[in-house]
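Below is one structure; the comments refer to it alone.
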Amino acid sequence: MSELTIGIIIGSVREKSESARIGAYVAARLRALEPEISIEMFDLRTLSVPLWHEDKWTAGSEMQSFWKPLSTRLKTCDGFVVISPEWAGMAPAHLKNFLLMCDGGELAHKPAQLISISSGMGGAYPVAELRMSGYKNNFLMWLPDHMVLRQVASLFASETPTPLDVELTARMDYGLAFLTETAKALGPVRNRLQNIKLYKTGM
């Protein structure tokens with residue numbers, strides 16, 4: 001059994017998603033860095049997570065029954081890569097809703113590498129938005145570094161890597177190595193100190 005599990009959260013719900021393609025590339029880079037790693041994919045297009053409402057807090061509700069298996073999978077993860085497209089200058093509502101659903105400690109005090117993608121020259125707004133509020137009540141810990149992949153359709157798309165592909169892959173590997181090492185280091189800290197029931201809503 002692997003000692004480390006990384007979850008990859010794909011924030012797009014489009015059928016032909018660049019986010020999903022980048023997610024697969026990230027998974028391949030993680031396996032290249034740590035061959036024994038376990039990877040859990042959370043693709044919001046296939047998960048069909050319902051819109052949050054108060055039934056999330058009602059024992060025995062349909063929403064609780066839906067969420068429980070996902071919650072269990074998320075809790076097995078030691079860290080995350082969160083991939084967000086930029087839609088109309090924002091992080092997608094589906095991704096924000098997913099993060100809102102994670103109020104039971106699924107992401108709490110676990111490191112996350114944020115990757116924003118854009119079909120054009122954007123991509124900065126989802127980073128600012130998610131860093132500002134995407135950790136609230138779920139206690140996800142964004143790493144200091146993030147990546148913005150602009151004109152993403154042209155990236156990692158050829159059997160022969162371009163010079164830009166090589167440069168970005170090296171930067172991605174650096175971030176992912178930092179993620180895995182931070183995930184390993186924080187595990188014992190969570191085991192000793194975590195008590196999210198004491199302060200459930202942060203500050």
Worksheet item: What heavy-atom pair brings Trp57 and Gln64 nearest, and what distance separates the two atoms?
Response: C-NE2, 3.8 Å

Practice prompt. Answer with yes or no whether the hydrophobic clustering places Leu130 together with Trp52; edges join I, L, V, M, F, W, Y residues whose side-chain heavy atoms lie under 4.5 Å apart.
Written response: yes

Item to complete: Give a yes or no on whether the backbone of Val152 and the side-chain of Arg21 come within a donor-acceptor separation of less than 3.5 Å.
Response: yes

Worksheet item: Does any N or O in the side chain of Lys184 come within less than 3.5 Å of the main-chain N or O of Asp78, such that one atom is a donor and the other an acceptor?
Response: no

Worksheet item: Judged by atom type as modelled, is there a donor-acceptor pair below 3.5 Å linking the side chain of Arg150 to the main-chain atoms of Gly122?
Response: yes

Item to complete: Determine whether the aromatic ring centres of Phe98 and Trp67 lie less than 6.0 Å apart.
Response: yes

Fill in: Derivation of the side-chain contact (heavy atoms from CB on, under 4.5 Å) call for Leu99 and Leu107
CA-CA 9 Å; Leu99 295 174; Leu107 315 181; 3.9 Å; yes

Worksheet item: What pair of heavy atoms forms the shortest contact from Lys75 to Lys110, and how long is it?
Response: O-NZ, 3.2 Å

Discussion item. Taking atom CZ as the centre, does Arg171 end up with more than 12 heavy-atom neighbours from other residues, nucleotides or ligands that are less than 6.0 angstrom away?
Written reply: no

Discussion item. If the condition is salt bridge (Lys or Arg N to Asp or Glu O under 4.0 Å), which residues does Asp173 pass it with, not counting sequence neighbours?
Written reply: Arg29

Item to complete: Flag yes if more than 12 heavy atoms outside Phe178 fall under 6.0 Å of its CZ atom; otherwise flag no.
Response: no

Fill in: Where at least one partner belongs to residues 153-167, residue pairs that pass side chain to side chain donor-acceptor pair (under 3.5 Å), sequence neighbours excluded
Thr162-Asp165

Worksheet item: Can you name the nearest heavy-atom pair linking Ser118 to Glu86, along with the distance?
Response: OG-OE1, 4.3 Å

Discussion item. Determine whether a donor-acceptor pair (N or O, by modelled atom type, separation under 3.5 Å) exists between the side chain of Asn97 and the backbone of Pro50.
Written reply: yes

Discussion item. Going by salt bridge (Lys or Arg N to Asp or Glu O under 4.0 Å), name the pairs with one or both residues in residues 41-67, residues two or more places apart or in two chains.
Written reply: Lys56-Asp103

Worksheet item: Pick one: which of Leu70, Val49, Ile8 meets side-chain contact (heavy atoms from CB on, under 4.5 Å) with Phe42?
Response: Leu70

